[in-house]
Peer 1: 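One structure, pasted below without further comment.
Just so we're clear, the structure is a prediction, and the values are computed from it rather than from any experiment.
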Amino acid sequence: MAANHEVVEAFLSAAQGAAAVLVAGEPSVAWMVNGRPRVVFLFQMAGGRVQAIDLVADRDAVAAMRIVPLTGEE
């Protein structure tokens with residue numbers, strides 16, 4: 001999971017409106033508008049490398065996710 005945190009940090013440094021979140025307990029990134037997630041970036045990792053990035057933008061799918069904002073204190 002440490003590699004996931006590194007990927008999340010890399011995305012956050014380059015993406016405006018992005019926030020570090022947990023989705024199903026996994027470090028992820030959400031693009032936020034007015035404090036609400038609009039697009040969720042889910043990283044598939046293997047061997048410490050990103051294998052795929054799934055972007056979820058469907059409003060119903062995003063609303064159904066249990067998204068927990070990370071504050072940096074976790």
Side-chain angles (χ1 to χ4, degrees):
M1 190 157 82
N4 276 18
H5 284 288
E6 293 170 9
V7 172
V8 166
E9 289 301 319
F11 262 75
L12 291 175
S13 67
Q16 291 185 358
V21 298
L22 291 177
V23 177
E26 292 293 323
S28 304
V29 171
W31 177 60
M32 309 290 277
V33 175
N34 296 324
R36 301 186 73 181
R38 297 292 187 206
V39 178
V40 178
F41 298 71
L42 304 172
F43 303 100
Q44 295 180 25
M45 306 291 292
R49 299 185 70 156
V50 176
Q51 299 299 306
I53 303 171
D54 294 321
L55 302 178
V56 181
D58 178 79
R59 285 185 186 204
D60 293 335
V62 171
M65 291 179 179
R66 184 169 175 262
I67 299 172
V68 178
L70 294 176
T71 63
E73 299 174 8
E74 286 71 24

Peer 1: In Å and rounded to the nearest 0.5 Å, what is the CD to CG distance from E26 to L42?
Peer 2: 9.5 Å

Peer 1: Mind checking whether I53 and M65 sit in one hydrophobic cluster, side chains of I, L, V, M, F, W, Y counted as touching below 4.5 Å?
Peer 2: no

Peer 1: Determine the minimum heavy-atom distance between Q51 and M45, stating which atoms define it.
Peer 2: CG-C, 4.2 Å

Peer 1: State, to 0.1 Å, how close V40 and I67 come at their nearest heavy-atom pair, and which atoms those are.
Peer 2: CG2-CD1, 3.8 Å

Peer 1: Indicate the atoms forming the closest heavy-atom contact of F41 with S28, along with that distance.
Peer 2: O-CB, 3.3 Å

Peer 1: Do the side chains of L70 and V68 join up, straight or via other hydrophobic residues, at under 4.5 Å, putting them in one cluster?
Peer 2: yes

Peer 1: Please name the pair of heavy atoms, one in V29 and one in A18, separated by the smallest distance, quoted to 0.1 Å.
Peer 2: CG1-CB, 3.8 Å

Peer 1: Crowded around R38 CZ? As in, over 12 foreign heavy atoms under 6.0 Å?
Peer 2: yes

Peer 1: How close do A61 and V56 get, counting heavy atoms only, and between which atoms?
Peer 2: CB-CG1, 3.7 Å

Peer 1: Is V39 linked to F43 within one hydrophobic cluster, defined over Ile, Leu, Val, Met, Phe, Trp and Tyr using a side-chain heavy-atom separation of less than 4.5 Å?
Peer 2: yes

Peer 1: Which heavy atom of P37 sits nearest to which heavy atom of V62, and what is that distance?
Peer 2: O-CG1, 3.6 Å

